[in-house]
Every structure is written in C-alpha cells, then in structure tokens.
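In what follows, a single structure is set out as structure tokens and then discussed.
No hydrogens, no waters, no symmetry mates; every other heavy atom, side chains included, goes into these values. Per chain, numbering begins at 1; letters A, B, ... match sequence-line order.
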Amino acid sequence: MRLSRYYLPVLRETPADAQIASHRMMLRAGMIRQEGAGIYAWLPLGFRVLKKIEQIVREEQDRAGAVEMLMPTIQQAELWRESGRYDAYGKEMLRIVDRHDREMLFGPTNEEMITEIFRAGVRSYKDLPKLLYHIQWKFRDEVRPRFGVMRGREFLMKDTYSFDIDEESARANYNRMFVAYLRTFARMGLKAIPMRADTGPIGGDLSHEFIILADTGESAVFCDKRLVEMPTPKKDIDFDGDLQPVVDQFTSHYAATDEMHDDTAFAKDVAEENRIAARGIEVGHIFFFGTKYSEPMKAYVAGPDGKDIPVQMGSYGVGVSRLAGGIIEAFHDDDGCKWPMAVAPYHVGLVNLKAGDEKTDKLCEELYRSLTAAGVEVLYDDTASRPGEKFARMDLIGLPYQVVIGPRGLENGAAEVKRRSDGAREEIALDKVADHIAAAVKDALRYD
RNA sequence: CGGGGCGUAGCGCAGUCUGGUAGCGCAUCUGGUUUGGGACCAGAGGGUCGCAAGUUCGAAUCUUGCCGCCCCGACCA
C-alpha cells in the first residue's frame with residue numbers, strides 16, 4: 001500500500017482524554033476514532049490489526065474442532081425472558097423498541113440465542129458433543145467506558161458454546177478451549193496465564209480467566225514464574241486426545257488475580273525466587289455452567305435410556321477488539337507501537353527519504369514490487385514529507401521492519417533496515433534487501 | 001449510579017470572573033529557500049464559541065433547560 005493513497009490520520013499531539021498507552025497510541029497512530037463514549041470506528045490501520053487478531057482466533061478455534069457460524073447483533077427480548085435474564089441483566093443491556101413496539105436488544109452475549117438454535121436442531125445424545133462459535137460485535141452499556149478499545153461499550157468478541165451429554169464430556173470440550181487459548185495468545189506473541197476465576201453460584205473448578213502480562217495492566221496478578229516459562233502446546237497436538245495432562249500442567253502452579261489472591265498461600269506454595277507480582281489484562285474467559293440455560297430454555301436431548309435430559313453447556317470468550325489494545329500495552333515504547341509480526345498491520349514500512357528523486361523513486365518502486373511479490377505486506381511511504389516526520393511516523397505505527405532508502409545509503413549501494421522491536425539497524429546491499437527482509441518476515445510468521 | 005470537571009478552527013488551548021461581535025501554537029493551502037530524526041521566510045483560508053430559550057441596545061461571557069464528553073469511586077470481556 002502506498003501511503004499517499006492510504007488514510008492514516010496520525011496526530012502529532014496526544015489527545016487529552018487518552019489515559020493509557022494503548023488508547024493514546026491507537027488514536028495517535030490513526031488506528032481508531034472515537035464516535036461516542038466507548039464506541040470507536042476502526043480506521044484502515046487499526047482495522048487490519050483487528051482482522052489479523054480475528055483470523056488467528058479463528059484458525060485456532062477451527063484447529064480445536066469448533067465450528068464457525070454467525071448470530072445477529074439484535075435479539076428479541078422474548079428470548080431473554082425464557083432464561084430470566086431480560087430483567088436480571090439490568091442497565092448494562094441496551095434495549096431497543098422497533099416500529100411495532102416490539103422489545104429488542106443489542107446483544108451483550110449470545111447464550112440464549114445459541115441455546116435456542118441448538119434446541120431447534122438437536123434431539124439425541126448421539127448428536128453430541130457440539131462446539132459452535134462466532135465472532136460478532138457486542139454491546140454492553142458500561143456505566144463508565146474507558147481506556148479506548150480496552151473497555152469500550154461496543155466490542156468485538158469471539159464466543160464459543162459447548163454442548164455435551166454429561167459433565168465428563170463437557171470437560172473434554174472445556175480442555176479443548178483451554179489449549180486453544182494457550183495457542184491463540186502465544187501466536188500473538190503474548191504470555192497468557194490461565195487463572196482460576198470466581199465461578200459464582202455454580203461452583204466447580206471449570207472457569208479460568210486468561211490474563212496477559214503487561215506493565216500497564218488493569219489489575220494486579222500473582223503467579224509462579226514456572227507458568228510463564230511453560231512451553232505452549234504445539235499445533236500437532238491431538239484435540240481429540242486426552243488434554244487433561246496439559247490442563248493439569250498449566251493449573252499446577254499458583255496464579256491468581258487480586259480478587260482471588262491469597263498472600264499466605266502464595267508465600268507457602270511458591271518459592272521466593274519464582275514469585276511474580278505483575279499487572280495483567282484479561283483477554284479470555286472460559287466457563288462451564290452446566291444446565292443454567294438448557295434447563296429453563298428446554299434444550300433437552302434424549303439420552304441412551306430414552307429419557308430427556310438438559311444438555312451441559314459452557315461458554316468461552318475472547319475479547320478480539322480488546323486484544324488490539326492489550327497487545328500495544330504489552331509491546332510499545334515512548335515512540336509508539338512495536339507490533340509482533342503476526343498481528344502487525346503491515347510487515348514492513350518502506351521509506352523513500354527523497355520522494356521525487358529519480359534514483360530513490362526507482363529503487364523504492366522495485367523494492368515495493370519484489371517484496372509484495374514475495375508475499376510481504378508493505379506500507380510504502382512515498383510522500384514528500386521530511387525525513388524526520390517519516391521516521392517519527394513509522395516508529396509510531398510500529399511496523400516490525402523499516403527499510404529506509406535515501407541518498408546517503410545509495411552512495412554505498414545499501415538500504416538501511418531497522419527492526420522496531422529492539423531498534424537494531426543494519427545496512428544491507430540493495431540487491432539483497434528484498435530477499436533478506438522476505439526471509440526475516442517469513443521466519444517471524446512461522447509458528448508451531 | 002454518587003462525586004468532580006470540560007464543551008471556543010482538524011488537534012492542543014487562551015478569552016468567560018468584570019458583556020462591546022473571537023485569538024494563540026500546531027496542522028492545512030500558495031510561493032520561495034531547504035531536505036537523514038517532526039525545517040525556515042512571506043502570504044492565505046478556516047469557527048452559527050455544544051444546542052435551545054431568556055435577560056440586555058449588545059451574550060463565547062449572565063440566567064434556565066437540554067445534549068455530549070472526560071476524570072475519581074462502585075461494576076465489568
């Protein structure tokens with residue numbers, strides 16, 4: 001993409017109401033624009049990040065055996081009356097009335113709807129288990145939205161729902177999502193630690209929050225260093241096999257958010273050198289809730305003995321839009337974002353330091369073509385801006401590599417390559433740059 | 001939902017107390033000089049001062065109502 005054609009309204013000054021790094025940078029880098037309290041438009045650059053996050057989530061859901069579908073944003077109040085949540089949900093639910101005075105709502109979640117969809121098509125235990133998901137916009141009318149997309153009112157979320165005949169089978173689905181989440185966040189370059197979550201009135205041990213560590217996280221977290229260092233399950237892991245050992249491994253050490261934290265247990269269970277007290281951001285939540293919806297909404301299946309029983313359900317959420325902010329919180333410096341390759345809006349920023357100069361123009365065009373042909377996503381700064389502005393803008397939007405073509409380098413027949421993650425620069429011969437960068441990008445995108 | 005604050009040019013702000021018809025920096029446009037970390041000179045454009053009603057000869061400024069946004073707290077993917 002040529003910057004001259006793109007829409008990238010970067011801000012030189014920091015908007016007054018952005019409190020945290022990710023919000024500030026998303027506004028400054030022209031990724032989002034606020035359209036109301038907790039409501040954001042995703043501008044081209046931010047949209048690309050969002051789509052990449054979404055795609056990684058999708059690939060790992062598919063790998064784990066979940067089946068994608070799409071439910072609407074608008075739902076009928078009637079559905080929520082069946083579960084009893086229409087009145088229980090309170091003011092967080094955005095309620096709407098249509099022209100016929102029918103009560104509608106903008107969905108804050110989809111348990112009721114998926115239960116209704118499921119019960120319409122499944123009658124027998126032989127049709128189980130099922131694992132269905134969708135990625136859709138939700139609306140929760142938060143009293144106080146803040147921190148940009150980290151806590152907006154409208155947000156993009158992946159939610160998966162599991163249906164099983166009994167709790168044992170449900171645990172297998174729960175474990176699939178557990179492992180899928182470890183992989184999903186790892187692919188984005190994040191360290192996500194599963195932490196036991198409050199299961200509320202339902203109880204049981206089947207609820208975990210996935211927390212990524214970031215200095216500017218919303219809440220304090222405490223965990224064992226061995227959890228952070230644990231290797232992520234590989235992509236060839238058998239999702240139909242027994243995943244319990246993996247789950248056990250990741251739940252075998254102390255990890256708690258501040259609500260669940262117990263200082264005495266922390267001191268007792270974790271050796272002093274392994275104690276980590278950090279800040280975290282919740283990016284996923286998995287939850288088994290049994291028959292909470294299937295019972296009142298009559299999602300029953302016939303068991304082997306011919307008797308109808310309510311299905312056992314669970315739900316598994318990932319905050320897709322929130323992750324865009326979360327990743328910046330984890331990867332940035334004073335100059336801007338430092339995107340991991342897998343979610344970077346473009347892999348490489350090609351900077352023509354002297355647009356209009358015959359030599360640099362020609363070289364940049366060639367590089368742009370060959371990199372693009374090699375499958376590298378390039379944002380080509382072909383504008384007439386001054387060098388200083390170009391560098392600052394590239395650092396701000398934080399593409400993993402910057403390839404700088406200017407008169408100075410041309411004298412040596414070289415391009416300057418800067419790696420945004422650590423600021424390392426090297427001069428690379430012009431005839432080798434494209435191959436070098438393509439290999440580096442490909443390497444960074446590899447995962448297992 | 002309690003407490004506090006703000007709404008004036010694309011962005012950041014001054015002007016409001018003490019009424020006299022709007023200003024600064026950055027950005028934008030034109031011309032020129034520049035050109036490796038956010039240039040310089042000269043000129044130009046851009047605002048129904050959140051909306052509505054009221055007081056007044058006259059309202060960004062005073063009064064009332066409404067709308068929007070932000071911050072602290074309680075709540076949350």
Please work out if A:Gly36 contacts a base, only the sugar-phosphate, or nothing of the nucleic acid, heavy-atom cut-off 4.0 Å.
sugar-phosphate

Face-to-face stacking of A:Phe155 with B:rA77, centres under 5.5 angstrom, angle under 30°
yes

Atom CD of A:Glu282 to atom P of B:rC75: distance rounded to whole Å?
15 Å

May I ask you to say whether A:Glu142 pairs ionically with A:Arg153, meaning some side-chain N is under 4.0 Å from a carboxylate O?
no

Could you tell me how far B:rG2 sits from B:rA9 if I compare only their C1' atoms? Round to whole Å.
36 Å

Think A:Arg144 has a side-chain N or O under 4.0 angstrom from the OP1 or OP2 of B:rC76?
no

The residue, A:Arg322 or A:Pro387, whose nearest nucleotide of RNA chain B is more 5′ is A:Pro387

Select base, sugar-phosphate, or nothing to describe what A:Lys158 touches, counting heavy atoms under 4.0 Å on all strands.
nothing

Can you tell me, in whole Å, how much space there is between the P of B:rC72 and that of B:rG54?
39 Å

Separation of B:rG36 atom P from A:Met394 atom CE, nearest Å, is 18 Å

Regarding A:Lys91, tell me which of base, sugar-phosphate or nothing describes its non-hydrogen contacts under 4.0 Å with the strands shown.
sugar-phosphate

Aromatic contact, A:Phe222 with A:His261 (centres under 6.0 Å)
yes

Using a distance-only criterion (donor-acceptor N/O pair, under 3.5 Å, no hydrogens), is the base of B:rG36 paired with the side chain of A:Arg425?
no

Measure from CZ on A:Phe147 to C1' on B:rC76 and round the result to the nearest Å.
12 Å

Rounded to the nearest Å, what distance is computed from the CG atom of residue A:Leu8 to the C1' atom of nucleotide B:rC11?
16 Å

With rounding to whole Å, what would you report as the distance between B:rA53 and B:rA42 at their P atoms?
45 Å

B:rU16 -> Watson-Crick or G-U wobble partner, both distances under 3.5 Å, gives none

Could you give me the CA-CA distance, side-chain angles and deciding distance for A:Phe178 and A:Phe210, then say whether ring pair (Phe, Tyr, Trp, His ring centres under 6.0 Å) is met?
CA-CA 9 Å; A:Phe178 190 104; A:Phe210 284 74; 5.4 Å; yes

For B:rG68, take OP1 and OP2 only and decide whether either is under 4.0 Å from a side-chain N or O of A:Gln34.
no

A:Gly325 near the nucleic acid: base, sugar-phosphate alone, or nothing, with a heavy-atom cut-off under 4.0 Å?
nothing

Name the nucleic acid region contacted by A:Gly317, choosing base, sugar-phosphate or nothing; use a 4.0 angstrom heavy-atom cut-off, strictly under.
nothing

Using a distance-only criterion (donor-acceptor N/O pair, under 3.5 Å, no hydrogens), is the base of B:rC75 paired with the side chain of A:Arg151?
yes

Same-atom distance (P) from B:rC13 to B:rG7, integer angstrom
10 Å

With both distances under 3.5 angstrom, what nucleotide forms a Watson-Crick or G-U wobble pair with B:rA74?
none

Please report the distance separating the P of B:rU63 from the corresponding atom of B:rU16, rounded so that it comes out in whole Å.
14 Å

Both distances below 3.5 Å, Watson-Crick or wobble geometry, any strand: find the nucleotide opposite B:rC69.
B:rG5

A:Glu389 (side chain) and B:rG37 (base): donor-acceptor pair under 3.5 Å:
no

Does any nucleotide pair with B:rA27 by Watson-Crick or G-U wobble geometry, both distances under 3.5 Å, and what is it?
none

Looking at every strand, decide which applies to A:Leu11 at a 4.0 Å heavy-atom threshold: base, sugar-phosphate, or nothing.
nothing

Enter the distance from A:Ile405:CD1 to A:Tyr380:OH here, rounded to the nearest 0.5 Å.
9.0 Å

Of the options B:rC26, B:rG36, B:rC76, whose atoms approach the side-chain atoms of A:Glu13 most closely?
B:rC26

Between B:rU61 and B:rG37, how far apart are the two P atoms, rounded to whole Å?
48 Å

Taking only side-chain nitrogens and oxygens of A:Lys390, does any of them come within less than 4.0 Å of OP1 or OP2 of B:rG36?
no

May I ask you to decide if the ring planes of A:His208 and A:Tyr174 are parallel, tilted or perpendicular, using 30° and 60° as cut-offs?
tilted

Looking at B:rG37, B:rG36, B:rC75, which one has an atom nearest to any side-chain atom of A:Val404?
B:rG36

Any salt bridge linking A:Lys432 with A:Asp435? Criterion: basic side-chain nitrogen under 4.0 Å from a carboxylate oxygen.
no

Counting the atoms with a prime plus P, OP1 and OP2 as sugar-phosphate, which does A:Arg28 contact under 4.0 Å by heavy atoms, base, sugar-phosphate, or nothing?
base

Partner of B:rA39 by Watson-Crick or G-U wobble geometry, both contacts under 3.5 Å, or none?
B:rU33

Hunt down the Watson-Crick or G-U wobble partner of B:rU48, both distances under 3.5 Å, from any strand shown, or write none.
none

By the definition side chain to side chain contact (heavy atoms under 4.5 Å, CB included), identify the one residue from A:Lys52, A:Glu59, A:Lys51 that meets it with A:Gln55.
A:Glu59

Separation between the C1' atoms of B:rG15 and B:rA59, rounded to whole Å
14 Å

If we check side chain to side chain donor-acceptor pair (under 3.5 Å) with A:Glu68, which of these qualifies: A:Gln61, A:Arg58, A:His134?
A:Arg58

Against the side chain of A:Arg146, the closest entry in B:rC69, B:rC72, B:rC1 is B:rC72

The side chain of A:Arg140 lies closest to which of these nucleotides: B:rG36, B:rC1, B:rC76?
B:rC76

Nearest-angstrom distance from the residue atom OH of A:Tyr89 to C1' of B:rC75:
12 Å

Please classify the nucleic acid contact of A:Ala392 as base, sugar-phosphate, or nothing, using heavy-atom distances under 4.0 Å.
base

Ring-plane angle category for A:Trp80 and A:Tyr89, please: parallel below 30°, perpendicular beyond 60°, tilted otherwise.
perpendicular

Considering Watson-Crick and G-U wobble pairs with both distances under 3.5 Å, what does B:rU61 pair with?
none

Assign each of A:Glu416 and A:Glu92 to its nearest nucleotide of RNA chain B by heavy atoms, then name whichever residue's nucleotide is nearer the 5' end.
A:Glu416

Whole-angstrom distance between B:rA39 and B:rA27, as gauged at atom C1':
15 Å

Using a heavy-atom cut-off of 4.0 Å across all strands, would you classify A:Asp159 as base, sugar-phosphate, or nothing?
nothing

Proximal nucleotide (of B:rA77, B:rG37, B:rC70) relative to the A:Glu142 side chain:
B:rA77

